[in-house]
Amino acid sequence: APVLTIDMVNPTPGTDGGHSLTVGGAVINWPATAPFTWTGNVSTNWSSAGNWSAGRAPNATDSVIIPNIGNHPTLTADAAVGAVTVTGGTLSLGGHTLTTSTGFYTTGTGILNMINPTDSLQVSGAAVFDGGDETGHLTDGRLLVAGNLTQRHTTSLSSFLATGNHHVVLNGTGAQVLDFADSISAFFANLDDNNVSAVVQLSTAINVQGDFSMLPGSHLTGIDNSRTGTEFIVFGNISSPSTSTLTMGQLLVGGTLSI
């Protein structure tokens with residue numbers, strides 16, 4: 001689920017003195033934490049201190065901005081950060097795991113590159129893809145999203161386009177929404193509904209080029225469940241256990257439906 005983050009700008013007093021209290025994973029930055037900006041001054045190595053504006057690699061509470069710089073970042077080890085915004089560069093996972101404690105965003109011409117089977121992006125909040133053309137960049141690995149997953153097409157119609165063995169896993173503990181501005185040029189390769197705590201809802205038509213699977217106890221529904229409602233198109237197979245529920249106005253399946 002999304003995480004509430006409060007940034008205290010120029011606060012008086014300068015620290016909370018240990019008196020602030022949060023629940024549910026909320027974060028208070030007192031004072032506000034300046035985002036880390038990728039400079040690529042030294043290399044493409046994510047872990048190299050010289051490649052970051054703060055002179056050190058980001059940690060689990062740091063928000064990260066990746067602009068369009070000559071040296072695009074590649075993970076050389078597993079990493080954990082706060083939020084990630086790719087505004088113009090290309091972020092490659094390099095066979096490693098990147099975990100965000102809040103959200104992940106692509107904007108402008110920003111690209112996420114996942115081409116290795118062990119690539120893993122674990123997003124604890126929302127994921128928004130509104131960046132560059134992802135054709136050929138999301139071909140393998142696993143994108144795990146605990147919040148809403150949104151696709152927009154400010155720059156490219158194909159700002160989320162997954163193929164091959166790439167999997168998106170919805171693993172939230174609260175309600176999740178899939179919202180795609182373009183379901184023809186933007187689509188999933190394989191989609192897994194692993195959210196057994198709440199409903200996953202489609203607010204637009206969704207296109208899955210490969211397979212769709214559900215865990216026992218998971219629930220997927222369209223926003224309009226009449227016969228003319230939101231389309232859910234799966235070109236491969238659907239695995240929906242008897243204890244899961246799939247409620248849809250129009251369901252188009254190219255393979256087999258196992259219930």
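Here the structure is a predicted model, which is why all the values come from computation and not from measurement. What you see below is based on every heavy atom in this structure, not just the backbone, and it leaves out hydrogens, waters and symmetry mates.
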**Request:** Over all heavy atoms of both residues, which pair between Ser158 and Ser185 is shortest? Give the atoms and the distance, please.
**Result:**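 Where Ser158 meets Ser185 most closely, the heavy atoms are OG-O, 3.1 Å.
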**Asked** Shortest non-hydrogen contact from Val81 to Leu98?
**Response** CG2-CD1, 4.2 Å
Residue pairs fulfilling salt bridge (charged side-chain N to carboxylate O under 4.0 Å, His left out) with at least one residue in [range], sequence neighbours excluded:
range: residues 127-142; value: none
range: residues 201-220; value: none
range: residues 163-181; value: Arg152-Asp179

**Request:** Tell me yes or no: between the side chains of Asn51 and Ser43, is some donor less than 3.5 Å from an acceptor?
**Result:**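 A donor-acceptor contact under 3.5 Å links the two side chains.
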According to the ring-ring contact (aromatic ring centres under 6.0 Å, His included) rule, which pairs have a member within [range], sequence neighbours left out?
range: residues 234-259; answer: none
range: residues 238-259; answer: none
range: residues 75-111; answer: Phe104-Phe129

[X]: hydrophobic cluster co-members (side-chain, 4.5 Å):
X: Val169; value: Leu144
X: Val196; value: Leu215
X: Ile111; value: none
X: Ile184; value: none

Please check: side-chain N/O of [X] versus main-chain N/O of [Y], any donor-acceptor pairing under 3.5 Å?
X: Ser203; Y: Leu178; result: yes
X: Trp52; Y: Trp46; result: yes
X: Gln176; Y: Asn148; result: no

Point-to-point distance, once rounded to the nearest 0.5 Å, from [atom1] of [X] to [atom2] of [Y]:
X: Met248; Y: Leu246; atom1: CE; atom2: CG; result: 5.0 Å
X: Ile66; Y: Thr107; atom1: CD1; atom2: OG1; result: 10.5 Å
X: Phe212; Y: Ser239; atom1: CZ; atom2: OG; result: 9.0 Å

**Item:** ring-ring contact (aromatic ring centres under 6.0 Å, His included) partners of Phe188, counting only residues at least two apart
**Value:** Phe160, Phe180
**Complete:** Across all chains, not counting sequence neighbours, the side-chain contact (heavy atoms from CB on, under 4.5 Å) partners of Ser244 are Met214, Ser218, Ser240, Pro241
